[in-house]
Amino acid sequence: MLTEHGPKILPITVVCKQPGDSGFFDREVHRADIGFAYSGSTLSALATHALSATLLSKLIAAPRTPPPPLSEVAAFVAGAASEYMREVCQLAGRDGLFSAIVFGWCPEQRSLRVFQLIPAYAQNPLTVDVQERSLMPITLQGSADQSAVVIGTSPILLRDAIDKELADARQRGETLDIVAFDAPKRALRQLIAEGASEMVGGSIQQAWATPEGLQIVSSLEPITPKPPSTRNAGMFILGFDTADIRNVGYYQVGAEGR
């Protein structure tokens with residue numbers, strides 16, 4: 001995930017409650033963290049995330065109701081997105097648009113699913129289309145089209161860069177698919193370093209979706225030392241060097257990294 005500034009991968013916690021012994025909706029029957037990644041208007045996207053994260057943590061239903069499938073969660077987020085983009089676009093025009101990905105574990109299908117949210121600006125009123133993307137695990141013999149959803153202003157540039165990473169690995173005689181697993185990250189890093197496009201920049205952000213939920217992952221990146229310190233690398237999470245983030249009491253921000 002590329003970003004020009006600030007977090008672009010955010011968790012949404014879905015919480016479902018049903019009536020408990022008290023008769024109130026106080027029995028939690030489902031809790032899951034899913035991912036929300038976006039590209040475009042920060043104002044529209046963060047407002048959408050804030051509303052979705054708040055309301056999706058307060059779902060109630062009758063006893064024995066199964067949790068909602070991820071498709072329904074994606075549709076809910078798309079509805080919030082359309083409302084905020086309509087409002088912001090009244091003043092900002094197309095600058096108020098954003099596209100997004102909702103991804104994570106689906107309790108209904110018991111599998112990982114990915115949904116792309118695409119604004120339809122030409123329609124009146126503005127709507128957001130929800131398209132499920134069927135992805136395959138990335139392999140050395142595969143391609144970006146098979147294993148990646150790319151949003152933003154330069155999707156072809158990134159897809160081509162991923163395919164080049166895979167082709168170069170095959171030419172070197174690589175055989176382990178862990179090399180393919182890291183190909184998107186290497187491609188992103190190379191595009192940033194080269195300044196391949198004025199619309200592509202910022203830092204790499206990572207998150208893992210598993211049956212257990214969503215985990216924000218840190219990334220080790222080179223940095224220019226700031227004298228008198230000789231530190232030349234940092235652990236970055238959501239684009240920020242953890243060494244520069246203020247501690248919380250005796251605790252500091254940390255996350256598993258790759």
Side-chain angles (χ1 to χ4, degrees), residues 1 3 6-92 96-121 123-133 149 151 205 207-216 238:
M1 173 60 62
T3 170
K8 290 293 181 73
I9 306 178
L10 301 165
I12 293 177
T13 302
V14 179
V15 180
C16 301
K17 293 184 177 181
Q18 297 176 5
D21 294 337
S22 66
F24 293 96
F25 290 95
D26 55 7
R27 184 168 69 90
E28 186 175 300
V29 296
H30 176 74
R31 175 182 292 264
D33 290 332
I34 63 170
F36 171 84
Y38 74 92
S39 175
S41 169
T42 299
L43 175 59
S44 299
L46 292 185
T48 296
H49 174 266
L51 180 65
S52 299
T54 300
L55 299 185
L56 287 170
S57 69
K58 300 183 179 299
L59 302 180
I60 59 174
R64 294 180 295 280
T65 302
L70 192 61
S71 56
E72 287 294 319
V73 174
F76 182 94
V77 176
S82 63
E83 291 292 336
Y84 280 114
M85 280 192 278
R86 287 172 197 153
E87 182 176 332
V88 175
C89 286
Q90 288 181 3
L91 297 177
L97 299 176
F98 74 93
S99 55
I101 301 169
V102 175
F103 61 101
W105 182 256
C106 177
E108 180 187 66
Q109 294 194 4
R110 301 192 61 79
S111 64
L112 294 170
R113 301 175 71 184
V114 181
F115 295 88
Q116 187 173 356
L117 277 55
I118 306 169
Y121 185 73
Q123 295 188 20
N124 188 16
L126 181 150
T127 60
V128 176
D129 295 332
V130 181
Q131 298 180 6
E132 182 168 10
R133 298 293 304 275
V149 179
I151 58 176
Q205 301 184 20
W208 292 337
T210 71
E212 286 70 43
L214 182 82
Q215 183 174 0
I216 303 296
L238 296 179

Margin query: Within the 4.5 Å heavy-atom criterion, are Ser82 and Thr127 side-chain neighbours or not?
Written below: no
Check: Hey, which of Leu55, Thr54, Leu56 is the one that makes side-chain contact (heavy atoms from CB on, under 4.5 Å) with Ile12?
Finding: Leu56
Notebook entry, point to check: Quick one: does Glu108's side chain get under 4.5 Å of Pro66's, heavy atoms only?
Noted result: no
Check: Which heavy atom of Arg86 sits nearest a heavy atom of Pro125, and at what distance?
Finding: NE-CB, 3.8 Å
Next item on the list: Work out which heavy atom in Glu132 is nearest to a heavy atom in Phe115; give both atom names and the distance.
Entry: CB-CE2, 3.5 Å
Margin query: Looking at every non-hydrogen atom in both residues, tell me the closest pair between Ala209 and Phe103 and how far apart they are.
Written below: CB-CD1, 3.8 Å
Notebook entry, point to check: Taking all non-hydrogen atoms of both residues, which atom of Ala37 and which atom of Ile151 are closest, and how far apart?
Noted result: O-CD1, 4.1 Å
Checklist line | Test side chain to side chain contact (heavy atoms under 4.5 Å, CB included) applied to Trp105 and Arg113, step by step | finding: CA-CA 6 Å; Trp105 182 256; Arg113 301 175 71 184; over 6 Å; no
Notebook entry, point to check: Would you say Pro67 and Val14 make side-chain contact, with heavy atoms under 4.5 Å?
Noted result: no
Next item on the list: Provide the closest heavy-atom pair for Gly96 versus Ser44 in the form atom of the first, atom of the second, distance.
Entry: O-OG, 2.7 Å
Note to self: Side chains of Glu28 and Val15, heavy atoms from C-beta outward: is any pair under 4.5 Å?
What the structure shows: yes
Notebook entry, point to check: Does the side chain of Pro63 reach to within under 4.5 Å of the side chain of Pro19, using non-hydrogen atoms?
Noted result: yes
Next item on the list: Tell me, with the steps shown, if Leu10 and Leu46 meet side chain to side chain contact (heavy atoms under 4.5 Å, CB included).
Entry: CA-CA 9 Å; Leu10 301 165; Leu46 292 185; 3.7 Å; yes
Note to self: Treating Gln109 as the side-chain partner and Pro69 as the backbone partner, does any N or O pair qualify as donor plus acceptor under 3.5 Å?
What the structure shows: no
Item checked: Backbone N/O of Lys8 and side chain of Gln205: donor-acceptor pair under 3.5 Å -> yes
Item checked: Taking every non-hydrogen atom, the tightest pair across Thr65 and Gln18 -> O-NE2, 2.9 Å
Item checked: Inter-residue atom distance Glu83.CD - Thr48.OG1, 0.5 Å rounding -> 9.5 Å
Notebook entry, point to check: Parallel, tilted or perpendicular for Phe98 and Phe36, by the 30°/60° rule?
Noted result: perpendicular
Checklist line | Test side chain to side chain contact (heavy atoms under 4.5 Å, CB included) applied to Gln215 and Thr210, step by step | finding: CA-CA 8 Å; Gln215 183 174 0; Thr210 71; over 6 Å; no
Check: If only atom types and distance count, is the side chain of His49 paired as donor or acceptor with the main-chain N or O of Pro11 below 3.5 Å?
Finding: yes
